[in-house]
Amino acid sequence: MAMVMTAAASLPARLATRTMPCRTMYRGMSSGFLVNQPKYEFLKDLGIKEQNLGVFDGQWKGSGEVVTSVSPANGQPIASVVTGNLADYESCVVAAEEAWQIWADMPAPHRGEIVRQIGEELRANLEPLGKLVSLEMGKIVPEGVGEVQEYVDICDYAVGLSRMFSGKVIPSERPGHALMENWNPLGVIGIITAFNFPVAVYGWNSALAMACGNTMIWKGAPTTPLTSVAITKCVANVLEKNSLPGAISALCQGGTDVGQKMAADPRIKLVSFTGSTAVGKQVALTVQDRFGKTLLELGGNNSLIVAADADLEMVVRSTVFACVGTAGQRCTTLRRLILHDSVYDEVLEKLKKSYASIMKRKGDPLDDGTLYGPLHSQVGVAGYLKTLEDVKMAGGKVAFGGNVIEGEGNYVEPTIITDLHHTAEVVHRETFAPIVYVLKCSSVEEGIAINNEVEQGLSSSIFTTDLGNVFKWMGPKGSDCGIVNINIPTSGAEIGGAFGGEKSTGGGRESGSDAWKEYMRRSTCTINYTKELPLAQGIKFE
């Protein structure tokens, strides 16, 4: 999600997005912003102006570069943001540390009440926030609104969690002793998010982190700064109404230097990073060098296996959404479709027909009826074209699509590739674009082996009606991914389960289940309530 510095540098420079943020690098624009056009009136409802401050530590400020966010659908400037520099970052950290002294003392259920109010504030602004995501990121409005709803949902989840997360009372082997497990907040955490989900990923992290008693500093994606500002305004409104420090939830939109400082800063107890595997590895090394904690959600090369007994109508419907939804820019987007030999031709033909119908619904993501929008940036378009060149060099064939769509915006055709071996280098490489490789297998076992042979391990799915296949897929010799689905697509995860992946996807877990433990430290506590001093393991020291 972010590319940075030179090969010789110690930490990649853009610690935020899957592609380089050159689309925001418009400078000196003072007129012609979309924010002033009637179609985009919803921006003013969110407090977005022609120029916006991109740093919040209880006060809005910004001393860094002025960047202009550009709509990927038409290439027009939306509005500008004054980003933060290292001095702004420092003020955020100092303010967040001070705010933590107040926030950590508040009982967890009271913190949960604040998170509940944040969810209500988001609900009240659901449609304009969803439209902003659509305008700035490029996904269609239903997906944009759905992403904000995901933040609302995780707020609801965190409210309940604030009354439920707990340690354990463990039987002690020593008479007159109690053995307990206790959980406490980490302190100040850093959250670095990506352009493709500029709201939901922050929501997963912030709602749980706040309920657990942490304060946070958010470095949003460089190419979706307006979304970061609008979301922070919503959170800040709630904190202000409750007479709480705004730096409980600080924002520092910034460049390379801010991301590097956050990764290296020992005051930041946890760095949650969403982005590419290459950048995530550098973040992990930097944080580990100071023995900090990381939560990594990195690359995905997701596959869907279609067994011989699968319901093929369900397969095609699921595959189209998993491949084409968000123009192939979800971390859970389907990249490899593994078809049993006996159903290969039928599924491929049906898939091509479905793709053709989707192309009739291509358009402005803000317009009703649009199902297929643009890539986020020209860098994404360049990556799409480079991958297609590599496909042809490797002997692959384009069964559908394969072209950049002429006209305004970053539109490309969703593309189906055939005739490549499953071990081809280009197949094993994640391309953040709507390209799917259609592969063959002769058995479920072979399909599982193909699923597992890539370095990433985020999401996977199998379509089958055989119960034996289901449990084989879920078992120790099945999928090695963090998300293992049956008869549903690879994308569209619910907030109730932990989200994340294995191998070079990073191993972190966000959202539901016991992901809250990522944001806390565990203490084992032994309490002696007698006058005796027995040692464990029956040791005598007399």
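Keep in mind the model is a prediction, meaning the values are calculated, not measured.
Here the shortest heavy-atom pairing between L295 and N205 reads CD1-OD1, 4.1 Å.
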Apply side chain to side chain contact (heavy atoms under 4.5 Å, CB included) to residues I448 and K472 and explain how you reach the verdict. CA-CA 9 Å; I448 292 173; K472 185 181 298 180; 4.2 Å; yes

List the steps, then state whether salt bridge (charged side-chain N to carboxylate O under 4.0 Å, His left out) holds for R163 with E113. CA-CA 10 Å; R163 292 182 179 271; E113 166 59 18; over 6 Å; no

CA sep, side-chain torsions, deciding dist, call: D257, K261, salt bridge (charged side-chain N to carboxylate O under 4.0 Å, His left out): CA-CA 6 Å; D257 52 351; K261 181 63 176 176; over 6 Å; no

Would you please test V199 and W204 for side chain to side chain contact (heavy atoms under 4.5 Å, CB included) and show each step? CA-CA 9 Å; V199 174; W204 292 348; over 6 Å; no

Run the numbers on D480 and K503 for salt bridge (charged side-chain N to carboxylate O under 4.0 Å, His left out), then give the verdict. CA-CA 9 Å; D480 62 1; K503 302 187 295 188; 2.7 Å; yes

Would D153 and E494 count as a side chain to side chain contact (heavy atoms under 4.5 Å, CB included) if you check the C-alpha gap in whole Å, the side-chain angles of each, and the deciding distance to 0.1 Å? CA-CA 10 Å; D153 292 343; E494 299 180 27; over 6 Å; no

Using the rule given for salt bridge (charged side-chain N to carboxylate O under 4.0 Å, His left out), can you reason through R123 versus D156, listing the C-alpha separation, both sets of side-chain angles and the distance that settles it, and then say yes or no? CA-CA 11 Å; R123 278 189 179 94; D156 289 346; 2.7 Å; yes

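One finds the CD atom of E147 at 13.5 Å from the OH atom of Y202 (value rounded to the nearest 0.5 Å). Taking CG from L334 and CD1 from I435, the interatomic distance works out to 12.5 Å, rounded to the nearest 0.5 Å. Taking CG of L53 as the reference point, atom OG1 of T232 lies at 12.0 Å (rounded to 0.5 Å).
The pair E502-R509 counts as a salt bridge, with a side-chain nitrogen and a carboxylate oxygen less than 4.0 angstrom apart. Under a 4.0 Å N-O distance rule, the pair E430/R336 does not qualify as a salt bridge.
With no hydrogens or angles considered, no side-chain donor-acceptor pair links T83 and Q253 at under 3.5 Å. Using modelled atom types and a 3.5 Å distance limit, the side chains of S460 and S479 yield a donor-acceptor pair. Between the side chains of W218 and T193, at least one donor N or O lies within less than 3.5 Å of an accepting N or O. There is no side-chain donor-acceptor pair under 3.5 Å between S442 and D341. Side-chain contact check for E455 and T277: no donor-acceptor pair (N or O, by modelled atom type) lies under 3.5 Å. Side chains of N485 and S461: no donor on one and acceptor on the other come within 3.5 Å. With hydrogens and angles left out, the side-chain atoms of T526 and N528 include no donor and acceptor closer than 3.5 Å. Side-chain atoms of T387 and T431 form a donor-acceptor pair, as typed in the model, at a separation below 3.5 Å. Counting only N and O atoms by type, the side chains of D309 and T465 include a donor and acceptor under 3.5 Å apart. At a cut-off of 3.5 Å, with distance as the only test, no side-chain donor of N182 or S523 sits close to an acceptor on the other residue.
Contact check for C252 versus C92: side-chain heavy atoms found under the 4.5 Å cut-off. Counting heavy atoms from C-beta on, the side chains of E297 and E510 come closer than 4.5 Å. In this structure, the side chains of K61 and S91 come closer than 4.5 Å at one or more pairs of heavy atoms. Residues Y151 and I118 have side chains in contact (heavy-atom distance under 4.5 Å, counting atoms from C-beta outward).
Q329 contributes a side-chain N or O that, together with a main-chain N or O of T326, makes up a donor-acceptor pair within less than 3.5 Å. Proximity of a side-chain donor or acceptor of N301 to a complementary backbone N or O of H428 within less than 3.5 Å is detected. With hydrogens and angles ignored, the 3.5 Å screen pairs no side-chain donor or acceptor of S318 with any backbone N or O of V315. Side chain of S276 to backbone of V279: a donor-acceptor contact under 3.5 angstrom is found. Remark: side-chain polar atoms of W103 are paired, donor with acceptor, to backbone N or O of N214 under 3.5 angstrom. Listed for the N302 side chain is a donor-acceptor partner under 3.5 Å among the backbone atoms of T333.
Under a cutoff of 6.0 Å and an axis angle of 45°, K139 and F197 form a cation-pi pair.
Checking I338, L339, T319 one by one against V306, the side chain to side chain contact (heavy atoms under 4.5 Å, CB included) holds for a single residue, L339.
Environment of NZ in K281: sparse, with no more than 12 heavy atoms of neighbouring residues, nucleotides or ligands closer than 6.0 Å. Heavy atoms from other residues, nucleotides or ligands lying under 6.0 Å from CD of E240 number 12 at most. For CE of M314, the number of neighbouring non-hydrogen atoms (other residues, nucleotides, ligands) closer than 6.0 Å is greater than 12.
Using cut-offs of 30° and 60° on the angle between ring planes, the pair F195 and H376 is parallel.
When the salt bridge (charged side-chain N to carboxylate O under 4.0 Å, His left out) test is applied to K233, no partner is found at least two apart in sequence or on another chain. In terms of the side-chain contact (heavy atoms from CB on, under 4.5 Å) criterion, residue partners of A536 (sequence neighbours excluded) are, by chain and number, E173, R174.
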